[in-house]
Asks: 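Okay, handing you the structure first.
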Amino acid sequence: MCEALTNSYHLLEELGRGRFGTIYRCFSPAKSAFFACKVIDKSLLSDDPADRDCLENEPKIMSLLSPHPHIVDIADAFDSPDSLSIVMELCDRRTLFDLVAHRTLSEAEACHYAKQLLSAVAHCHRLRVVHRDVKPDNVLLDSRNDLKLADFGSAIWLGEEGRATAEGVVGTPYYVAPEVLLGREYNEKVDVWSVGVILYIMVSGVPPFYGDSVEEIFEKVVRGNLRFPTKHFRGVSADVKDLLRKMICRDVHRRFSAEQALRHPWMLNEGETNSLADLT
Ligand SMILES: Nc1ncnc2c1ncn2[C@@H]1O[C@H](COP(=O)(O)OP(=O)(O)OP(=O)(O)O)[C@@H](O)[C@H]1O
């Protein structure tokens, strides 16, 4: 463990674990406050330079984005030859996954969360950051049940010099956009696709592209044939389906930006739709 970190923070119990990192609750005597600290063990990283770039980028990208009400704030970072430690705002251990795993949400509730998530994603995109792994497990909840987008370990900064696209397959099967799987260059709209998939799950309880194996899921994503099965969408409004079609849209040019999604009538009406619920 890095000495500079333990000089400033008392590390307490483990909160969670990811592929490369362990997250601890910690206390700063100087600030008299609790934080979360992600300690990334560099020996677990592959030799792939892309992995190492992402590791170095994570604290830089978090600093660039802070503060935002729906993005986990970074407080400190410590780099040593063996580990990288990121001290950040302490959230609940619960994630959006815990919220959607056992029940569907009402449209008003789904809209409340989708709006927070889209405002975080729109902020990233304004600063030319693409998160690339937006999924319920990477969205934390705080004690007031507000969402905080976390885990910028796969994020990329497109830079100032007008770079418009990124490449490289990153993401998680249910949530990843087709252009990523097809190995094409892609842009920030991959995050809008992922938020669309999350919204679909919130209102229906099931993912839009489902399969028994990763290959089957990928095939369905690439085909991008979006359906709203009656079994899961009975009583779900036509307005939210309209928004979903514009977010989970294979054609990147026609796919909404995060800002456009925030201005959709269903969002502006807080999920209380004016049109009749679709009873088919
Ligand atoms: N700021 C935080 N406050 C409270 N708990 C947190 C915080 N950050 C992470 N956690 C807990 O730790 C878990 C793992 O965190 P995170 O996904 O950031 O780790 P990771 O190493 O980046 O994982 P991945 O393998 O997805 O890259 C989360 O699901 C959550 O339960």
Side-chain angles (χ1 to χ4, degrees), residues 16 18-19 54 58 61 70-72 94-102 104-105 110-111 113-125 129-141 147-156 166-229 232 240-241 243-252 255-258 261:
R19 271 168 311 157
C54 277
E58 188 170 356
I61 287 178
H70 300 298
I71 295 179
V72 173
R94 287 172 315 138
T95 67
L96 185 57
F97 179 82
D98 300 307
L99 211 75
V100 298
H102 308 294
T104 55
L105 308 188
C111 181
Y113 291 122
K115 200 176 259 184
Q116 295 190 352
L117 191 49
L118 279 169
S119 86
V121 167
H123 178 73
C124 293
H125 295 176
V129 171
V130 190
H131 184 286
R132 302 202 294 181
D133 197 14
V134 177
K135 58 177 175 179
D137 328 48
N138 284 339
V139 182
L140 303 174
L141 292 162
L147 297 190
K148 304 272 178 177
L149 181 59
D151 196 356
F152 287 82
S154 302
I156 186 164
E167 61 277 306
V169 177
V170 287
T172 304
Y174 292 126
Y175 307 95
V176 73
E179 63 271 23
V180 176
L181 293 178
L182 289 167
R184 300 200 180 131
E185 288 199 334
Y186 53 84
N187 62 20
E188 74 288 348
K189 287 200 183 162
V190 298
D191 291 340
V192 176
W193 174 283
S194 306
V195 179
V197 172
I198 293 176
L199 177 57
Y200 185 107
I201 294 173
M202 287 198 280
V203 296
S204 71
V206 291
F209 307 110
Y210 181 79
D212 289 329
S213 64
V214 171
E215 291 75 18
E216 214 180 306
I217 299 168
F218 283 175
E219 255 172 51
K220 297 245 176 84
V221 172
V222 167
R223 233 179 287 142
N225 189 3
L226 186 67
R227 290 174 183 279
F228 302 107
H232 301 291
V240 71
K241 288 186 202 165
L243 174 59
L244 287 169
R245 276 191 207 96
K246 287 166 174 155
M247 295 177 78
I248 312 175
C249 171
R250 272 190 88 214
D251 181 345
V252 180
R255 187 182 309 156
F256 266 7
S257 66

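A quick note: this is a predicted structure, and the numbers were derived from the prediction, not measured. Only heavy atoms go into these numbers, but all of them, side chains included; no hydrogens, no water, no symmetry mates. Nothing fancy with the numbering, it's 1 onward along the sequence.
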Asks: Working to the nearest 0.5 angstrom, can you tell me the gap between E219 CD and S213 OG?
Replies: 7.5 Å
Asks: Taking I156 as the fixed residue, which of E188, H131, R132 is the one that meets the side-chain contact (heavy atoms from CB on, under 4.5 Å) rule?
Replies: R132
Asks: So does D133 get a backbone contact from the side chain of N138, meaning a donor-acceptor N/O pair under 3.5 Å?
Replies: yes
Asks: Atom CD1 in I201, atom CG in L99: separation rounded to 0.5 Å?
Replies: 12.5 Å
Asks: Do the side chains of Y200 and V240 get nearer than 4.5 Å, heavy atoms only?
Replies: no
Asks: Just wondering, do C124 and I71 contact through their side chains at under 4.5 Å, heavy atoms?
Replies: yes
Asks: From Q116 CD over to K148 NZ, what is the distance, rounded to the nearest 0.5 angstrom?
Replies: 9.0 Å
Asks: When rounded to the nearest 0.5 angstrom, what is the spacing between OG in S194 and CG in L199?
Replies: 12.5 Å
Asks: What heavy-atom pair brings P173 and V214 nearest, and what distance separates the two atoms?
Replies: CG-CG1, 4.2 Å
Asks: Can you find a heavy atom in the side chain of L182 that is under 4.5 Å from one in the side chain of V222?
Replies: yes
Asks: Would you say the side chain of R245 lies within less than 4.5 Å of the side chain of F228, judging by non-hydrogen atoms?
Replies: yes
Asks: Where is the tightest heavy-atom contact between A155 and V129, given as atom of each residue plus distance?
Replies: CB-CG1, 4.2 Å
Asks: Within the 4.5 Å heavy-atom criterion, are R255 and W193 side-chain neighbours or not?
Replies: yes
Asks: Would the distance check show the side chain of T104 and the main-chain N or O of G205 forming a donor-acceptor pair, the cut-off being under 3.5 Å?
Replies: no
Asks: Does L147 reach the side chain of L141, with side-chain heavy atoms less than 4.5 Å apart?
Replies: yes
Asks: Roughly how far apart are F209 CZ and N225 CG, rounded to 0.5 Å?
Replies: 7.5 Å
Asks: Set out, in order, the CA-CA distance, both residues' side-chain angles and the distance that settles side-chain contact (heavy atoms from CB on, under 4.5 Å) for D191 and V130, then state yes or no.
Replies: CA-CA 7 Å; D191 291 340; V130 190; 3.6 Å; yes
Asks: Once you round to the nearest 0.5 Å, how far does CG of L226 lie from NZ of K246?
Replies: 13.0 Å
Asks: Grab the two heavy atoms, one from A258 and one from V192, that are nearest each other, plus how far apart they are.
Replies: N-CG2, 3.6 Å
Asks: Please identify each residue that fulfils side-chain contact (heavy atoms from CB on, under 4.5 Å) with A261, with sequence neighbours left out.
Replies: L118, L243, M247, F256
Asks: Quick check: do P207 and I217 have side-chain heavy atoms less than 4.5 Å from each other?
Replies: no
Asks: Which pair of non-hydrogen atoms, one from G196 and one from L244, has the smallest distance, and what is that distance?
Replies: O-CD2, 3.3 Å
Asks: For residues V139 and T95, determine if any side-chain heavy atom of one lies less than 4.5 Å from a side-chain heavy atom of the other.
Replies: no
Asks: Kindly state each residue pair satisfying side-chain hydrogen bond (donor to acceptor under 3.5 Å, both in side chains) with at least one member in residues 201-212, sequence neighbours excluded.
Replies: none
